[in-house]
Amino acid sequence: MAVEVDRIRLRELRLPLREPFRISSGTEAMRRILLLEVTDATGVTAWAECVAGQRPNYSPETVDTAWLAIREWVAPRVLGRRFDEPGQVYPLLERDFRGHQMAKAAVEMAVWTLEADLRGISLSELLGGTRDKIPVGISIGVQTDPSLLAAKVEEACEVGYRRIKIKIQPGSDLVYVAAVRARLGPEVPLMVDGNAAYTLDDADHLAELDGFDLLMIEQPLAWDDLSRHAELQRRLTTAICLDESITSLARVEDMLALESGRVVNIKPGRVGGFASALAIHDLCAVRGIPVWCGGMLESGVGRAYNVALASLPNFVFPGDISPSVRYWERDVVIPEWSMNGDGTIAVPKERPGIGVEVDVDRVEELTVRQEWVRAE
Ligand code: OSB
Ligand code: MG
């Protein structure tokens with residue numbers, strides 16, 4: 001079915017996190033959420049979320065750069081154009097247009113939702129999802145002491161999370177992981193995420209993590225590095241999982257060629273949208289690389305996109321797709337995302353598009369600025 005994008009409304013919301021989220025490169029307490037309403041020529045509107053953060057500590061993009069990029073360069077390429085398939089948007093946005101993956105992804109993914117809405121099918125079905133529930137993992141920020149972390153992990157296990165990820169940084173790593181293992185035993189599926197806080201000089205130190213039977217070590221080295229990760233992977237028995245370094249299919253090809261890691265975290269925003277995420281998923285499946293869906297502290301809107309993507313078959317590890325209550329007093333979607341007692345989230349396959357209603361009154365209440373972009 002053809003989609004023709006007529007107009008885009010950008011909104012910024014301020015949504016306070018229930019507790020500040022600390023990673024090695026910075027802390028987020030008030031999430032600035034960038035939502036898009038993308039309306040097609042027949043008047044159908046798709047909601048989407050741009051997952052950029054407030055500051056460029058995770059990737060070079062921010063809410064403000066994404067807003068600018070969408071208004072100045074992404075929207076003008078897409079508005080008034082007819083797409084026979086949503087897969088045509090990604091190459092159009094890549095041509096002579098470097099970077100700005102999260103800005104591009106927000107618009108690209110909205111076109112996938114418009115296609116699903118027009119066909120009356122769920123986003124999961126449109127993408128080729130095969131599962132109706134997704135196992136859920138939790139990502140726990142850096143804590144001020146090991147016993148506090150162990151208590152948080154214990155609580156997460158009790159509510160049913162299928163996998164625990166703990167954020168580490170130099171000075172808050174081995175002792176913290178040891179405390180968790182000591183409290184909860186060897187059975188808990190555990191992993192760590194360094195968010196680029198280490199260098200190759202830390203290789204011997206990081207190799208001590210091999211003693212804790214971790215599922216993987218996520219992005220220990222620089223945000224754009226592949227070759228040093230390859231060197232580090234040779235010195236570890238634990239699998240390295242890349243997050244920040246994977247911004248396109250080509251980067252996955254390089255990872256495979258260099259052997260920089262053995263697992264890929266896919267965040268559709270980080271790789272420029274669904275076409276790119278699907279291509280990465282498929283290549284990894286062929287090459288025997290398991291993938292899982294990462295998170296960016298999304299509101300319920302962005303979460304819907306992650307849930308749909310994570311329903312594909314090679315998403316073999318639980319995703320960082322916690323239920324709404326983990327992040328917010330009240331989410332912006334109805335129903336809020338909830339986790340079953342068995343640590344899964346249901347994929348809303350029976351509903352078209354993103355599968356949840358946007359609580360427009362709540363969105364209005366939280367909106368601090370908005371802007372419409374139309375074809376010239
Ligand atoms: O490295 O995966 C990351 C959040 C913001 C930026 C980077 C990361 C994260 C998370 C949060 O780990 C996962 C979630 O959304 O629950
Ligand atoms: Mg990460």
Side-chain angles (χ1 to χ4, degrees), residues 15 17-34 49-63 66 101-102 105 134-143 149 152-153 156 159 161-169 173 190-198 214-225 229 239-247 261 263-271 291-307 309-310 317-328 331 337 339 343 345:
L15 203 51
L17 283 157
R18 290 183 59 196
E19 55 181 58
F21 188 73
R22 181 164 162 214
I23 68 177
S24 62
S25 56
T27 303
E28 199 115 318
M30 171 69 74
R31 190 75 172 95
R32 292 174 61 189
I33 301 268
L34 174 45
E49 179 165 348
C50 176
V51 300
Q54 176 165 2
R55 287 165 297 120
N57 61 314
Y58 167 79
S59 84
E61 292 187 87
T62 70
V63 172
Q101 269 73 15
M102 293 175 184
I134 309 299
V136 177
I138 188 172
S139 173
I140 301 181
V142 175
Q143 302 296 316
L149 176 65
K152 293 228 173 222
V153 173
V159 299
Y161 280 102
R162 295 277 194 95
R163 184 226 65 204
I164 309 288
K165 164 167 132 183
I166 63 188
K167 296 292 191 176
I168 57 167
Q169 62 186 18
D173 45 31
L190 192 65
M191 60 175 289
V192 295
D193 186 353
N195 285 110
Y198 297 90
L214 303 175
L215 293 170
M216 64 193 93
I217 300 176
E218 186 176 342
Q219 195 74 33
L221 307 182
W223 67 281
D224 57 349
D225 174 80
H229 278 101
I240 290 178
C241 168
L242 294 178
D243 174 356
E244 284 90 328
S245 290
I246 302 298
T247 50
V263 182
V264 173
N265 166 331
I266 300 183
K267 297 177 182 174
R270 196 195 61 229
V271 300
V291 307
W292 54 281
C293 186
M296 288 293 290
L297 310 174
E298 290 90 348
S299 80
V301 175
R303 202 159 301 282
Y305 285 84
N306 289 344
V307 168
L309 182 64
F317 290 108
D320 277 347
I321 310 178
S322 291
S324 303
V325 66
R326 155 92 178 120
Y327 310 92
W328 324 112
D331 206 337
W337 292 99
M339 184 168 76
I345 282 187

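Numbering of ligands and ligand atoms starts at 1, following listing order.
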Who's the nearest protein heavy-atom neighbour of [atom], and how far?
atom	value
atom 1 (O) of ligand 1	N195 ND2, 2.8 Å
atom 16 (O) of ligand 1	Y327 OH, 2.6 Å
atom 6 (C) of ligand 1	M296 SD, 3.7 Å
atom 9 (C) of ligand 1	G295 O, 3.6 Å
atom 15 (O) of ligand 1	L297 N, 2.9 Å
atom 4 (C) of ligand 1	F21 CE2, 3.7 Å

Hey, does [X] come in under 3.5 Å of ligand 1, counting only N/O atoms on both sides?
X	result
K165	yes
K267	yes
N265	no
Y58	no

Any E218 heavy atom less than 4.0 Å from ligand 1: yes
Any K167 heavy atom less than 4.0 Å from ligand 1: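 Distance cut 4.0 Å: K167 passes for ligand 1.
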Is any side-chain heavy atom of [X] closer than 4.5 Å to a side-chain heavy atom of [Y]?
X	Y	result
S25	W223	no
Y161	P323	yes
M102	M296	yes
D193	I23	no
I266	W292	no
F317	M191	no

Presence of salt bridge, R163 and D320, under 4.0 angstrom: yes
Three-point angle D243:OD2, the Mg ion (ligand 2), D193:OD2, rounded to the nearest 10°: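 Seen from the Mg ion (ligand 2), OD2 and OD2 are separated by roughly 180°.
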Minimum-distance atom from the Mg ion (ligand 2) among N, O or S atoms of E218: OE2
Those atoms of ligand 1 less than 4.0 Å from some heavy atom in D243: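 Reading through ligand 1 atom by atom, the close ones are 1 (O), 2 (O), 3 (C).
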Option from Q219, K267, E28 for which side chain to side chain contact (heavy atoms under 4.5 Å, CB included) with Y58 holds: K267
I321 contact mode with ligand 1 (heavy-atom cut-off under 4.0 Å): neither
Which atom of G141 lies closest to which atom of Q143, heavy atoms considered: O-NE2, 3.0 Å
Donor-acceptor pair between R303 and Y327 side chains, under 3.5 angstrom: yes
